[in-house]
Amino acid sequence: MKINLVSSALLASALFLSACAEVVGPEQPAPAEVIKPTKATSQLEKLPAPSAPIYVAVYEFPDLTGQNKPNSDFAEYSRAVTQGGDAILVDVLEEAGNRKWFKLVERRGVNNVLRERQLIMATRQQFSGENAEPLPAMSFAGVLLEGGVIAYDSNITTGGVGARYLGIGANTEFRIDQVTVNLRAVSVQSGEILSSVTTTKTIYSTALQGSVFKFVGTNELLELEAGVTENEPAQFALREAIEVAVYALILEGAENNVWRFRSATAQNRLIAQFEAAQKKAGPLPVSATPS
């Protein structure tokens with residue numbers, strides 16, 4: 001029985017693409033999960049305890065770049081950076097020193113807190129009249145954390161490599177973006193900037209593609225293509241940059257006697273290690289530059 005070459009080519013292409021789909025794409029949607037720690041998370045969590053916890057407030061941590069998602073094919077209207085930077089910063093602050101460094105007070109949703117307190121007092125007065133027991137005073141912050149995402153640079157470096165032999169080839173491409181954040185601690189009493197740091201995180205995107213280009217007959221052409229693209233999530237890169245910013249802010253503040261570690265020995269050791277790491281670009285996964 002003679003098999004038509006075109007039918008064979010179509011069958012081969014279908015099997016090839018089906019196999020690629022099974023390799024590249026997940027069989028089932030991934031379940032929801034807690035965000036995995038970054039490379040900087042453990043360093044932040046392992047910080048020794050402070051002499052006393054610091055009461056801090058975060059009103060906002062805005063995207064100051066105005067940068068849209070990079071796209072070489074058409075105009076994107078989605079932002080390149082998440083607009084929830086303050087939520088990430090609050091989450092990161094809680095991690096510092098295994099929840100021993102900062103006491104956070106709510107400020108982004110403070111109006112909701114005040115309305116709830118008014119509702120409680122109104123209910124108490126309804127049942128107890130003027131003898132209603134007042135609510136305890138709200139905690140206030142001694143330090144405000146200000147700053148934001150100050151830069152998002154796309155396509156800092158692009159490139160790739162490829163090869164083809166007898167119609168069979170593969171190529172890979174890459175792109176490097178960079179996100180930069182600034183974080184500063186401000187004294188509520190005096191308005192003085194106690195410490196300020198700027199950190200950057202590199203974002204990598206890669207694409208791998210394979211293809212087959214063959215003449216299977218005089219007027220019959222077989223062409224197969226498959227590929228996969230991997231992009232590092234920008235929100236994870238931003239979180240890592242914020243984690244290192246908090247880490248650097250703590251150490252810079254300790255060096256300037258703004259606050260102290262409970263152990264002076266641990267404080268001196270960490271400051272020395274951090275300064276040495278900055279000079280030789282390691283071992284921190286992102287760079288932090290005191291400003």
Side-chain angles (χ1 to χ4, degrees), residues 34-35 37 40-41 44-64 81-150 181-197 199 235 238-239 241-254 256-263 267:
V34 178
I35 292 179
T41 302
L44 186 63
E45 290 179 342
K46 291 177 182 177
L47 278 173
S51 59
I54 306 163
Y55 281 81
V56 298
V58 178
Y59 279 82
E60 58 180 355
F61 196 78
D63 169 23
L64 303 175
V81 181
T82 176
Q83 305 300 290
D86 58 307
I88 297 177
L89 177 57
V90 168
D91 195 38
V92 169
L93 289 170
E94 283 201 337
E95 296 175 353
N98 197 19
R99 299 178 177 265
K100 292 184 175 68
W101 261 95
F102 299 106
K103 296 290 187 180
L104 288 105
V105 294
E106 177 62 47
R107 287 297 178 266
R108 184 65 181 266
V110 68
N111 290 333
N112 297 332
V113 176
L114 293 175
R115 283 200 297 265
E116 190 65 21
R117 289 172 64 89
Q118 290 174 355
L119 177 62
I120 294 173
M121 283 306 304
T123 304
R124 287 185 177 184
Q125 290 175 358
Q126 183 179 0
F127 287 94
S128 303
E130 295 182 356
N131 297 324
E133 182 180 355
L135 290 173
M138 291 179 60
S139 299
F140 59 88
V143 175
L144 295 180
L145 292 182
E146 300 286 346
V149 186
I150 59 176
V181 304
N182 174 264
L183 180 65
R184 57 187 182 273
V186 182
S187 170
V188 173
Q189 282 190 331
S190 63
E192 176 187 1
I193 296 178
L194 304 174
S195 183
S196 178
V197 296
T199 63
Q235 64 268 25
L238 177 61
R239 182 184 182 89
I242 292 176
E243 285 177 336
V244 176
V246 172
Y247 184 93
L249 193 77
I250 290 174
L251 293 182
E252 185 183 281
N256 297 332
N257 296 319
V258 176
W259 43 68
R260 298 189 305 275
F261 286 81
R262 185 179 300 171
S263 170
Q267 175 175 313

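Any value given below was found using the heavy atoms of this structure, including those in side chains, with hydrogens, waters and symmetry copies removed.
- Minimum interatomic distance between Ser195 and Leu249 (heavy atoms only, all atoms of both residues): OG-CD1, 3.4 Å.
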Please tabulate, one pair per line, all N/O donor-acceptor pairs under 3.5 Å involving side-chain atoms of residues 95-111, not counting sequence neighbours.
| unit_1 | atom_1 | unit_2 | atom_2 | d |
| --- | --- | --- | --- | --- |
| Glu95 | OE2 | Arg239 | NH2 | 2.6 |
| Arg99 | NH1 | Glu94 | OE1 | 3.2 |
| Trp101 | NE1 | Pro48 | O | 2.8 |
| Glu106 | OE2 | Arg108 | N | 3.1 |
| Glu106 | OE2 | Gly109 | N | 2.6 |
| Arg107 | NH2 | Ser139 | O | 3.3 |
| Arg108 | NH1 | Asp86 | OD1 | 3.0 |
| Arg108 | NH1 | Asp86 | OD2 | 2.6 |

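- By the 4.5 Å heavy-atom criterion applied to side chains, Leu89 and Leu183 are counted as neighbours.
- The distance from atom CG of Leu47 to atom CD1 of Ile250, rounded to the nearest 0.5 Å, is 5.0 Å.
- Considering only heavy atoms from C-beta on, Glu146 stays 4.5 Å or farther from Ile193 through its side chain.
- When all heavy atoms of Tyr59 and Leu144 are compared, the closest pair comes out as CE1-CD2, 3.7 Å.
- Rounded to the nearest 0.5 angstrom, Leu119 CG and Arg115 CZ are separated by 11.0 Å.
- Phe61 has its side chain within reach of Val181: a pair of non-hydrogen atoms, C-beta onward, lies under 4.5 Å apart.
- The two atoms that bring Val244 and Ala40 nearest to each other are CG2-CB, 3.7 Å, heavy atoms only.
- Side-chain atoms of Asn182 come within 3.5 Å of backbone N or O of Val197 as a donor-acceptor pair.
- To the nearest 0.5 Å, the span separating CD1 on Ile242 from CG on Leu44 amounts to 11.5 Å.
- Taking all atoms of both residues into account, the shortest heavy-atom contact from Thr41 to Glu243 is OG1-OE2, 2.8 Å.
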